[in-house]
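Right, one structure below, let's go through it.
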Amino acid sequence: MIIKLKRNRHIANKQELTRLQRKFEAQLSQVDKLEREKTVRASATALTIGFLGSVFLAASVMLFHYNIFLSFVLGIPGLIGWILPYWVYTNIKTRRSQELSPQINKLYDLLYDTCEQAHKLLTL
């Protein structure tokens, strides 16, 4: 199978189309940045809690032979630190998604308008 792609070399308003393409790409990168921003804070918080849980569990294991009571006392926050990150992650991600969704929707509307402008220039 052979596919040949041809480009019209005589496009009217080529500079305007190039400007619209750059505008589209900038808006698309903003959308991508906002989509990544939904999970960055949630991931960082969940990883921090998980790391602290690991520290408590490591201390608990190290103290098991010397002081069993202190080992259990340190083991409880360690286990909580391993269980809690899932709910923290989902909670923060959900709240952040609700905060950012109006901005993302506005950017999608701008993307649509930019595409419409480019389409009108191409169909002249």
Side-chain angles (χ1 to χ4, degrees):
M1 179 181 282
I2 297 174
I3 298 176
K4 292 184 180 182
L5 301 174
K6 285 187 170 184
R7 182 187 310 176
N8 186 0
R9 302 278 182 200
H10 306 288
I11 297 175
N13 303 318
K14 190 171 185 176
Q15 292 176 346
E16 182 67 19
L17 283 171
T18 304
R19 185 189 68 79
L20 286 173
Q21 180 180 357
R22 287 189 184 123
K23 182 179 176 183
F24 176 83
E25 290 170 353
Q27 291 168 344
L28 203 57
S29 68
Q30 287 177 346
V31 169
D32 186 43
K33 180 183 170 189
L34 288 175
E35 289 290 342
R36 279 183 280 141
E37 197 174 306
K38 287 180 183 179
T39 59
V40 168
R41 186 178 297 160
S43 296
T45 305
L47 286 172
T48 303
I49 292 171
F51 178 74
L52 290 174
S54 296
V55 168
F56 277 106
L57 278 176
S60 171
V61 169
M62 289 180 198
L63 290 174
F64 185 73
H65 291 293
Y66 301 110
N67 190 346
I68 294 177
F69 177 73
L70 185 58
S71 175
F72 283 116
V73 169
L74 290 176
I76 292 170
L79 290 175
I80 291 171
W82 275 11
I83 296 169
L84 191 63
Y86 173 75
W87 285 283
V88 170
Y89 176 83
T90 55
N91 187 16
I92 291 174
K93 184 180 175 189
T94 303
R95 281 191 288 126
R96 198 70 181 139
S97 295
Q98 291 172 350
E99 291 173 4
L100 293 177
S101 63
Q103 294 174 7
I104 292 172
N105 288 336
K106 285 179 187 177
L107 281 172
Y108 277 127
D109 290 340
L110 290 174
L111 282 169
Y112 182 77
D113 292 340
T114 304
C115 289
E116 276 188 342
Q117 291 172 4
H119 181 70
K120 286 179 185 176
L121 285 176
L122 286 174
T123 57
L124 287 179

Are the side chains of [Y] and [X] in contact, using a 4.5 Å heavy-atom criterion?
{"X": "Arg22", "Y": "Arg19", "answer": "no"}
{"X": "Lys23", "Y": "Gln27", "answer": "yes"}
{"X": "Tyr108", "Y": "Leu111", "answer": "yes"}
{"X": "Gln98", "Y": "Thr94", "answer": "yes"}
{"X": "Phe24", "Y": "Leu28", "answer": "yes"}
{"X": "Arg96", "Y": "Glu99", "answer": "yes"}

Can you measure from [atom1] ([X]) to [atom2] ([Y]) and round to the nearest 0.5 angstrom?
{"X": "His65", "Y": "Ser71", "atom1": "NE2", "atom2": "OG", "value": "9.5 Å"}
{"X": "Lys38", "Y": "Lys93", "atom1": "NZ", "atom2": "NZ", "value": "7.5 Å"}
{"X": "Arg95", "Y": "Arg41", "atom1": "CZ", "atom2": "CZ", "value": "9.0 Å"}
{"X": "Ile104", "Y": "Glu37", "atom1": "CD1", "atom2": "CD", "value": "8.5 Å"}
{"X": "Gln30", "Y": "Glu25", "atom1": "CD", "atom2": "CD", "value": "12.5 Å"}
{"X": "Leu52", "Y": "Leu57", "atom1": "CG", "atom2": "CG", "value": "11.5 Å"}

Subject >> Ile92 with Leu47, same ILVMFWY side-chain cluster at under 4.5 Å >> reply: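 No, because Ile92 and Leu47 fall into different hydrophobic clusters, even though each may have its own neighbours under 4.5 Å.
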Subject >> Exercise: identify the closest heavy-atom pair between Leu17 and Leu122 >> reply: CD1-CD2, 3.5 Å
Subject >> Closest contact, heavy atoms only, Leu20 versus Thr114 >> reply: O-CG2, 3.5 Å
**OP:** Kindly say whether Ser101 contributes a backbone atom to a donor-acceptor pair with the side chain of Asn105 at under 3.5 angstrom?
**Re:**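 Here the side-chain-to-backbone pair exists.
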Name every donor-acceptor pair, under 3.5 Å, that has one atom in a side chain of residues 72-91 and the other anywhere in the protein, sequence neighbours excluded.
| unit_1 | atom_1 | unit_2 | atom_2 | d |
| --- | --- | --- | --- | --- |
| Trp82 | NE1 | Ser54 | OG | 3.0 |
| Thr90 | OG1 | Tyr86 | O | 3.2 |
| Thr90 | OG1 | Trp87 | O | 3.1 |

